[in-house]
Number of protein chains: 2
Amino acid sequence: MLRAISERAMKAPTTGGMQLYSVVVTRKEPLRTDLAEAHFSQPAAAGAPVIVTVCADLHRFERWCRISGTEPGFENFLSFTSAMLDATIFAQQFCTIAEMEGLGTCYLGTTLWQAPKISELLHLPDHVVPVCGIAVGWPYGEGEATERLPLEALYHTETYTDFSDEEVKELYKVKDEYPANRGYVEEHSKPSLAHVFTEVRYPRQMNEEFTASIKSYLERQGLL
Amino acid sequence: MLRAISERAMKAPTTGGMQLYSVVVTRKEPLRTDLAEAHFSQPAAAGAPVIVTVCADLHRFERWCRISGTEPGFENFLSFTSAMLDATIFAQQFCTIAEMEGLGTCYLGTTLWQAPKISELLHLPDHVVPVCGIAVGWPYGEGEATERLPLEALYHTETYTDFSDEEVKELYKVKDEYPANRGYVEEHSKPSLAHVFTEVRYPRQMNEEFTASIKSYLERQGLL
């Protein structure tokens, strides 16, 4: 079933027709659990029977170029971003089709953070970078739509128009007042939801530590 | 119609519920033409009535954090990649829904290449980076599905398994033999399709020049 979904998702647009991505479908133990642990054993990763890792893949295309007698010039950041776009577009198409087929999917936002570790587990060669991990399984139920900003927050006509402080406050009201979010604020005893994001979920020091790790990983491969 | 499509596409997954993206919909002259020129006047950009630019946007979320009395720690590469993923996931959801509504869409792969120029044209503040440009219009006809690699080329089970040279050659046969691709090889008098990619479409020097430009643009904003 995952093969059939991938085959359909493969019709999604791709940079210059190059298909600069690969998919690794992991379900066997102990590898699946090791992979879930690389994703910090977050519930979606730990609880799913399958983890799909969509990778930016310049390696395969480069091999084809060399076998065809020409040297590719992809050892740079621009080429990495093209492959990262290809991988993400494929990943989202995969999720859309999988959900249409009744499966449940959940992105693991920790994939690039843990690229060095995940690459090791999945035996990824250089120039194959894990970009989108997706936990896949049959959902227990329908789930709930999570809250979203009003369209005005992100839709601009002609050029980008910035907001006043008052407008920003108003636009984020839906987040500040969403019951689950109020719960997080209480649980962590923070003054506001924004504090939960900056101090609990995405604190600067953590962002900077993972930045250092992903940068040295990409630099070693000549992709930064 | 584009507003309604965006409203639906906004349900797509997003990093930590942060919606780190914005959309700029440009159709008025002379801005639309200026934007198409930033995309090197490629036919899809020059011929489309509307250009939709999906941006990685940390700026809006950072403003909300500051207004809420806390300092975000997003001035780093990791946070930029989260926003880039969010923008790309939204962009692909936008394209899927637009195509389901009968519109035609075409990604402009030159968006990050020309981020400095496009940011200027669209008045993007710092920490708003154009990631996916999409040309949108009513298509003349059905169009044709372009060639794709066999699924085996990109689908791996458990871990990544590399191919032999012979297998790579075999997997790319469908590309080498695709009539339009044979036409490009002839048109440019190259020994193979791979040479068209490495010498005409994505030559090393060009990739390196745009890498330098996008890197200095991101570095100036503390995102690299």
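If you're wondering where the values come from, they're calculated on a predicted model, not measured in any experiment. Just so it is clear: chains get the letters A, B, ... in the order the sequence lines come, proteins before strands, and each one is counted from 1.
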Hey, is [atom1] on [X] packed in by over 12 heavy atoms from elsewhere, all under 6.0 Å?
X: B:Glu144; atom1: CD; result: no
X: B:Met100; atom1: CE; result: no
X: B:Tyr184; atom1: OH; result: no

Flag the pair [X] / [Y] as yes when at least one side-chain heavy-atom distance between them is below 4.5 Å, and no otherwise.
X: A:Ser68; Y: B:Leu193; answer: no
X: A:Lys175; Y: B:Gln19; answer: yes
X: B:Leu224; Y: A:Leu224; answer: yes
X: B:Trp64; Y: A:Asp176; answer: yes

Give a yes/no verdict on a cation-pi contact between B:Arg3 and A:Tyr155, requiring under 6.0 Å between NZ or CZ and the six-membered ring centre and an angle within 45° of the axis. yes
Please name the pair of heavy atoms, one in [X] and one in [Y], separated by the smallest distance, quoted to 0.1 Å.
X: A:Thr198; Y: B:Thr70; answer: OG1-OG1, 2.7 Å
X: B:His123; Y: A:Tyr160; answer: O-CB, 3.7 Å
X: B:Trp113; Y: A:Ser82; answer: NE1-OG, 4.4 Å
X: B:Gly16; Y: A:Tyr202; answer: CA-OH, 3.4 Å
X: B:Ala12; Y: A:Gln92; answer: CB-NE2, 4.1 Å
X: A:Glu158; Y: B:Val24; answer: O-CG1, 3.3 Å

Region of [X] in contact with chain A, defined by heavy-atom distances below 4.5 Å:
X: B:Leu35; value: neither
X: B:Leu85; value: both
X: B:Lys28; value: both
X: B:Arg201; value: side chain
X: B:Ile134; value: neither
X: B:Phe77; value: both

Of the listed residues ([options]), which shares the most heavy-atom pairs with chain A below a 4.5 Å separation?
options: B:Met18, B:Glu208, B:Gln205; value: B:Met18
options: B:Arg27, B:Glu199, B:Arg66, B:Lys169; value: B:Arg27
options: B:Leu154, B:Asn181, B:Val52; value: B:Leu154
options: B:Leu31, B:Asp165, B:Thr157, B:Thr15; value: B:Asp165

Engaged part of [X] at the chain B interface, taking heavy atoms whose separation is under 4.5 Å:
X: A:Glu152; answer: side chain
X: A:Leu149; answer: both
X: A:Leu20; answer: neither
X: A:Cys132; answer: side chain
X: A:Leu2; answer: both
X: A:Val131; answer: both

Relative to chain B, which of [options] shows the most heavy atom pairs under 4.5 Å?
options: A:Ala153, A:Ala91, A:Pro203, A:Gly109; answer: A:Ala153
options: A:Arg32, A:Met206, A:Lys190, A:Lys11; answer: A:Lys11
options: A:Leu151, A:Val50, A:Leu121, A:Leu112; answer: A:Leu151
options: A:Ser79, A:Pro191, A:Pro125; answer: A:Pro125
options: A:Cys65, A:Pro13, A:Ser192; answer: A:Pro13
options: A:Phe210, A:Phe163, A:Phe90; answer: A:Phe163

[X] side chain to [Y] backbone, donor-acceptor under 3.5 Å:
X: B:Arg63; Y: A:Asp162; value: no
X: A:Arg204; Y: B:Pro72; value: yes
X: A:Asn207; Y: B:Gly73; value: yes
X: A:Thr88; Y: B:Ile89; value: no

Under a plain distance cut-off of 3.5 Å, with no hydrogens placed, do A:Gln93 and B:Thr96 share a side-chain donor-acceptor pair? yes
Nearest 0.5 Å, what's the NE2-OG1 distance between A:His156 and B:Thr53? 11.5 Å
Rounding to 0.5 Å, atoms CG (B:Leu78) and OG (A:Ser213) come to a distance of 9.0 Å
Stepwise, does the side-chain contact (heavy atoms from CB on, under 4.5 Å) test hold for B:Thr81 with A:Met84? CA-CA 9 Å; B:Thr81 63; A:Met84 184 172 159; 4.0 Å; yes
